[in-house]
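The next block holds one structure in the form of structure tokens; read it before the comments.
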Amino acid sequence: MDRIMFGDNQFFGVNHMSEEKARAQAVRFKETSSIVKVLRDAYEAGIRTFMCTTHDQIGDVVDEIERRGDFDGFVYYPGMPYAHKYANAVSELGVMETVKQYAPGGMMEMLVKGARSAMRKDVEQLMSMLVDAEMKRFAKADTPVIFLQNVITDLLLGLKMHDLFKDFADHVKSHYGAEAGFFSMNMPMLVPVLEKVGIERPIVCCNYNKIGFRMSGGIEAYDHALETTSVRCVAMSVLASGAIPPEEAIRWICERPRIESIVFGASSRGNIQQTVSLINQYTQA
Amino acid sequence: MARIGIIGVGKMGLSHLAIFGAHPDVEIVGIVEPQSFVASAVKSQTGIETYKNHERLIDETRPDAIVVATPSVTHVEVASYALEHDVQVFVEKPLTLSSADSWRLSQLAVSRGLANQVGYHNRFIGTFQEVARLVQAGAVGQVYHVDGKASGPVVTKPKTGFTWRSKKSEGGGCLHDYASHVVDLMNFVVGPPKSVVGARLHNIYSKDVEDAVYALFDYAGGFSGQLETNWSDETHRKMSTTIAVYGSHGKILADRQELQVFLKKGASFEQYPEGWTTRYITDLQAPVSYYLRGEEYSAQVDAFVEAVDKRNPHPQNSFESAYATDWTIDRIIERDKAGR
């Protein structure tokens, strides 16, 4: 995995500090071309990995980058699913109707059977179909790591449906030649579970910042997991949504050599370049 | 170790099953879920036993507590049965669809000395807790107006009607779903109103239920309140809740992430100077041991588990405080009818 990856929260109206900023960003990035322009700035700053949610607009972004043809070596780490779409649908339609609406053909038959009972392989098959539906948008793209979003990872973790982590990893390996990654807000709790179900050197993307924001169990537990498990950790929210000044935040994260990668999002060329050069500077130091 | 059963494993029940399941001091003794695909998926993946109904679960497992996450119309029956069998209860909001039922449940729980809590999770959000603290400490002086809003994209086109949320008779609609959260938040900050001056329930896309609720409140303290909720607003990615409090010394604006305080000249308060101060959730929210959808969901579960352990009948978000919310909702319905 690359040392530095580019995230996508800024493009899709996500800001953990300010709903007003999130709204302004949603307006700015309404057009696909304005997203691609920022991705080009990231590319020119040396970034080759784009970690992106399977948001509705992402297919257009992938197509546009393909059409331009000047993003040599650019890879995508899709994170799925775009959970709010499903959460809102579940409120309106219920669990079963949501599955029917979003799952591709063949699902109905399975659900009729499933109306009686759900065996392990049914749940596994349902998961595979939903993954395939989400991956359609990336048909032309290089996706070496495919991530499960934290809402789903952490839900399965809490429900103790741990075998599904292995099913997910096996499916993305066999169908996309990809490694599985897991977003989580509970890294120290998750990693031993992933190791136990047989996922070797699991890739986990989690908040990692100096103030411990959204690091369940606390910084010490995270540092301990980093040192004592086989986790390959991608740090996100290093600046804690802007609560920590960039230089201080990046110096702190780079003091942890077991952190393999850092993902960040930014909208301006200047901020992208500054963050990249800070990471490079403190990685070498 | 608290032994807990989950009644209803839909959208909220699934979330509770995960959060209670991840709690180190909780054992899940069983679930009740009529949709067999969901129930059998839980059973085949986790080994948790499923029961046909809440009576069976309670009679056969004798839990310390249950979580009621069934359609709102069934809350009163399930919660009553549990309390009568000495089982402590967490109920998803709203507590019931009638303030008379809510009052009765509240009295039953208190008289039996059982923990009772309702899922108004806004009271566990750091920014809103700070608003309540500041207002009650008099930081903005004499309050003259409070304004609560919630918007989100639940019903954004005509048709549908697949779940109980779109059926009035089962407690569906924006009033019991979105507005109840805002009424409860306003109650948390300034206490319940003495009357509802006017109210309007709007159908935008739904046939059987309202999609938006607007209301004006009067408070015993001589100030006013305004409620504005709309679940057909797709300009928001998810439910967005805000509160504003106006007082003689300044005002406070807050949402889930951000707290903005303005204090007039000479009215500084604790660490809040004159003029604007902005604080973020990053420094206002206490961390939790397991995170699923927001710290507040885990924090309310932690609080309930503690209340169960101590058999505390007066926790945060008790049935009694949820009764005050249901009372206001009943008055909103009355005013809407009276005005038509």
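Each chain gets a letter, A, B and so on, in the order its sequence line appears, and its residues count up from 1.
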Sort A/Met189 into side chain, backbone, both or neither according to what part of it lies under 4.5 angstrom from a heavy atom of chain B.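 Interface part for A/Met189: side chain.
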Proximal component of B/Gln285, with respect to chain A [non-hydrogen, under 4.5 Å]: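 No part of it gets close to chain A.
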Proximity breakdown for B/Leu17 and chain A, heavy-atom pairs closer than 4.5 Å: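 When you check distances to chain A, atoms from both the backbone and side chain of B/Leu17 fall under 4.5 Å.
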Surrounding [atom1] of [X] (heavy atoms of other residues, nucleotides or ligands, distance under 6.0 Å), is the total greater than 12?
{"X": "B/Glu27", "atom1": "CD", "answer": "yes"}
{"X": "A/His224", "atom1": "NE2", "answer": "no"}
{"X": "A/Glu248", "atom1": "CD", "answer": "yes"}

Does the side chain of [Y] come within less than 4.5 Å of [X]'s, by heavy atoms?
{"X": "A/Leu164", "Y": "B/Gln45", "result": "yes"}
{"X": "A/Leu155", "Y": "B/Leu292", "result": "yes"}
{"X": "A/His162", "Y": "B/Thr46", "result": "no"}

Give, for atom CG of A/Asn186 and atom OG of B/Ser298, the distance between the pair rounded to the nearest 0.5 Å.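 Answer for the CG-OG pair, A/Asn186 versus B/Ser298, is 8.0 Å.
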Output the distance between atom CD1 (A/Ile211) and atom CG (B/Asp283), rounded to the nearest 0.5 Å.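 Here the interatomic distance stands at 7.5 Å.
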Heavy atoms only, distances under 4.5 angstrom: which of A/Ala26, A/Gly217, A/Gly158 has the most pairs with chain B? Name it, please.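 Highest number of heavy-atom pairs under 4.5 Å: A/Gly158.
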What is the minimum heavy-atom distance between A/Ser216 and B/Ser289, and which atoms define it?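 Looking at all heavy atoms of both residues, the shortest contact is CB-O, 3.6 Å.
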Considering the options B/Ile48, B/Ile28, B/Leu14, which one meets the side-chain contact (heavy atoms from CB on, under 4.5 Å) requirement together with A/Leu159?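 Of all the options given, the one that passes is B/Leu14.
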Which one, B/Ser240, B/Gly152, B/Gly172, B/Gly47, leads in non-hydrogen pairs under 4.5 Å with chain A?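 Highest number of heavy-atom pairs under 4.5 Å: B/Ser240.
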